[in-house]
Engineer: 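Encoded as structure tokens, here's the structure I'll be asking about.
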Amino acid sequence: MASVHRGRGASVPGAGNTRARYRRILRFAGWNLAVTWWFELLLPRIGLSALAERTRSKRMRRFAQRFHVLAVDLGGLMIKVGQFMSSRLDVLPPEITAELAGLQDEVPPVPFPAIRALAEAELGVPLERAFASVDEVPIAAASLGQAHRAVLGPVDAEETGLTTVVLKVQRPGIDEIVEVDLAALRKVAGWLSHVRLVSDRVNTHALVEEFAQTSLEEIDYLHEAASSERFAAEFAADDRVGVPSVVWERTTRRVLTLEDVTAIKITDVAALAAAGIDPAEVAPVFAAVMFDQLFTNGFFHADPHPGNIFVTPVGPASATGGPDVGAGGPAARPWRLTFIDFGMMGEVPAGTRSGLRKLLIAAASRDGKGLVDGVRDVGVLLPSADTGELERAMTHLFARFGGMGFAELREVDPKEFREFAEQFGDVVRSLPFQLPENFLLIIRAMSLTSGVCSALDAEFNLWDSIEPYATKLIRDERGNVVQDLAKQAVEIAGVAIGLPKRLDSLVTRFEDGSVAVVNPTLERRVVRLERTARRVISAVLFAALLVAGAVLRTDDVVFGTVLMAASVVPLLHALFAARAGR
């Protein structure tokens, strides 16, 4: 691996003086916080809520337009903040998300001479020696770096088995820009921490620190390369997923060289159709892969926007691939999903993952109370919260809108949506919510997943993907229950086998005088104790076999029936032993 140098390249266009940049971000945040306070807090208190309501849509649109200009002009983390807001279709109004949607692709490239200077300083050799050729026109420009297509030299090509690669280079001066942007965001978080409506529900300082950690990891390409290989290992046996190989010999902290896996952009519906791929079949497979990352693996791609996922046509898929929830099976899928850009990854702690699984199962079964319990387990809802009203609201939500796809939801009367949103909003605002660690990334991943699936298929119904996946989780959980019952039954059986011998040993010790206790009725009591113990053990074995058989019978009728039938044996023993002992 090439040594890491800290040579500085040209400054990022539009970055400007760092002090001026810092002040500009704070001015923008301060002004918009003041406007929000005036219209959303003060005017309703003096009886002018109608005025605030009437001007809200226009104010939201104006805010988004101004932030769009700010983000494009400054670049850096402001682009990331805007991209996150554009993905929050679930909580932000369309006036904001629609205006900021272009930030997913609208990032001006850095001139190639500046990219060349930084890459050569990092690699320690001229580009002509490091690569056979490098295309000066970038194939992608992002907020923190940009990518160029390149060709490996003969030696590197022979060692890696690759020829065409993608050279990803950081934007020169991005370290300093990220530092300034994080300082500004920490200042804004301090302001928000004094607003009780915000501070009661969100630890703004912790939220910014989580964003900071993610951003600093994104500008460390060695970390991204390691994440790429870990992700590839987790899906190594899954034919649904592809990951580019890392060329470590041409990778440093600021330069990353990867196998060129460029294919069809996942939301390019026309290109998919031209390749004979039905976009409506891609959506559920993509959703299932993301569900696997979030609910099973716990290590997930936190930036699955359309530019980071390709659909790669391949030959007929082998029958040994991974699970394929919601698709036609491996043999029916001559393509795979190829993920790139592993700079923003998230990990779901085991406890949070368990809560998320409960959430998914509750959502699939339209269980309002179960959903609230899952929210509590995830850590979003504080244990002290009174959830009665929230449970009723979620039950109402499922009863009215549960199972609807995006196309169906568009047909619902906006007035009905507005009335429910107001009622639901009042309930939510009254509860003590918090954002646990890494939840910002989980929300981002799920929001982008939903958006990509909807772009692939306007009729896409997320419930259709959730339900089969939740069924799989229920089956797994049921298997865990059966395993626990079986383990307990084996342990009880072990006790049952060993107990008579232990009791006989105890009686022998009494008989030979090794235990200095004299009681003429002791032997009868020991025999009675032994008989009672066996009856209890038989009863417990009967219950364990009966429950295990009932649980398994829904999936395996034969085996479940056998277990239920076998439970009769310990039951009869318990009954007859009881009569014999009278």
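These values consider heavy atoms only, across backbone and side chains, with no hydrogens, waters or symmetry-generated copies. The structure displayed is predicted, hence computed values, not measured ones. Start at 1 with the first residue, then count along the sequence.
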Engineer: With Arg149, which residues qualify under salt bridge (Lys or Arg N to Asp or Glu O under 4.0 Å), at least two apart?
Structural biologist: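 Arg149 satisfies salt bridge (Lys or Arg N to Asp or Glu O under 4.0 Å) with Asp260 once adjacent residues are dropped.
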Engineer: Does atom CH2 of Trp191 have more than 12 heavy-atom neighbours, drawn from other residues, nucleotides or ligands, at distances under 6.0 Å?
Structural biologist: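 For Trp191, atom CH2 is crowded (more than 12 foreign heavy atoms under 6.0 Å).
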Engineer: Hey, could you give me each pair passing ring pair (Phe, Tyr, Trp, His ring centres under 6.0 Å) that has a residue in residues 121-146? Not counting sequence neighbours.
Structural biologist: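 Residue pairs with at least one partner in residues 121-146: there are none.
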Engineer: To the nearest 0.5 Å, tell me how far Leu272 CG sits from Glu281 CD.
Structural biologist: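 Result: 11.0 Å between the selected atoms.
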Engineer: Residues two or more places apart in sequence or in another chain: which of them pass side-chain hydrogen bond (donor to acceptor under 3.5 Å, both in side chains) with Lys80?
Structural biologist: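 Checked Lys80 against side-chain hydrogen bond (donor to acceptor under 3.5 Å, both in side chains); matches are Glu218.
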Engineer: Closer than 4.0 angstrom, basic N to acidic O: yes or no for Arg333 and Asp239?
Structural biologist: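 Yes, Arg333 and Asp239 are salt-bridged.
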Engineer: Run the salt bridge (Lys or Arg N to Asp or Glu O under 4.0 Å) test against Arg56 and tell me which residues pass, sequence neighbours left out.
Structural biologist: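 Testing Arg56 for salt bridge (Lys or Arg N to Asp or Glu O under 4.0 Å), a comparison that skips the adjacent residues, returns Glu40, Glu53.
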Engineer: Should Arg21 and Asp181 count as an ion pair when the cut-off is N to O under 4.0 Å?
Structural biologist: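 The answer is yes: the pair qualifies as a salt bridge.
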Engineer: Could you tell me whether Glu234 atom CD has more than 12 heavy atoms of other residues or ligands within 6.0 Å of it?
Structural biologist: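 Yes, because the 6.0 Å sphere around CD of Glu234 holds more than 12 heavy atoms from other groups.
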Engineer: What residues, two or more places apart in sequence or in another chain, satisfy salt bridge (Lys or Arg N to Asp or Glu O under 4.0 Å) together with Asp156?
Structural biologist: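 Partners of Asp156 under the salt bridge (Lys or Arg N to Asp or Glu O under 4.0 Å) test: Arg250.
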Engineer: Which pairs pass salt bridge (charged side-chain N to carboxylate O under 4.0 Å, His left out) with one or both residues in residues 128-148, sequence neighbours excluded?
Structural biologist: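 Found Arg116-Glu128.
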Engineer: Looking at residues at least two apart in the chain, or sitting in another chain, which of them share a ring-ring contact (aromatic ring centres under 6.0 Å, His included) with Phe67?
Structural biologist: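 Residues passing ring-ring contact (aromatic ring centres under 6.0 Å, His included) with Phe67: Phe28.
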Engineer: Could you tell me which residues satisfy ring-ring contact (aromatic ring centres under 6.0 Å, His included) with Phe235, sequence neighbours excluded, listed by chain and number?
Structural biologist: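 ring-ring contact (aromatic ring centres under 6.0 Å, His included) check on Phe235 returns Phe231.
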Engineer: Nearest 0.5 Å, what's the CZ-CZ distance between Phe342 and Phe299?
Structural biologist: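 Between Phe342 CZ and Phe299 CZ, I get 8.5 Å after rounding to 0.5 Å.
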Engineer: Looking at Ala283 and Cys453, what are the two nearest heavy atoms and their distance?
Structural biologist: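 Answer, listing the atom of Ala283 first, then Cys453: O-SG, 3.5 Å.
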Engineer: Roughly how far apart are Leu337 CG and His301 NE2, rounded to 0.5 Å?
Structural biologist: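 So the CG of Leu337 and the NE2 of His301 are separated by 11.5 Å.
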Engineer: ring-ring contact (aromatic ring centres under 6.0 Å, His included) with His148: which residues, sequence neighbours excluded?
Structural biologist: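 Result, ring-ring contact (aromatic ring centres under 6.0 Å, His included) vs His148: Phe112.
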Engineer: Tell me, please, which residues at least two apart from Glu209 pass salt bridge (Lys or Arg N to Asp or Glu O under 4.0 Å).
Structural biologist: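 Checked Glu209 against salt bridge (Lys or Arg N to Asp or Glu O under 4.0 Å); matches are Arg186.
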Engineer: Side-chain donor-acceptor pair under 3.5 Å between Thr312 and Thr338, yes or no?
Structural biologist: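 Note: Thr312 and Thr338 side chains meet the donor-acceptor criterion.
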Engineer: Using the side-chain contact (heavy atoms from CB on, under 4.5 Å) criterion, which residues pair with Glu259? Sequence neighbours excluded.
Structural biologist: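 Listed in chain order: Leu162, Pro244, Ser245, Val261.
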Engineer: Under the rule for side-chain hydrogen bond (donor to acceptor under 3.5 Å, both in side chains), what residues qualify as partners of Glu217, not counting sequence neighbours?
Structural biologist: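 For Glu217, the residues satisfying side-chain hydrogen bond (donor to acceptor under 3.5 Å, both in side chains) (neighbours in sequence not counted) are Gln213.
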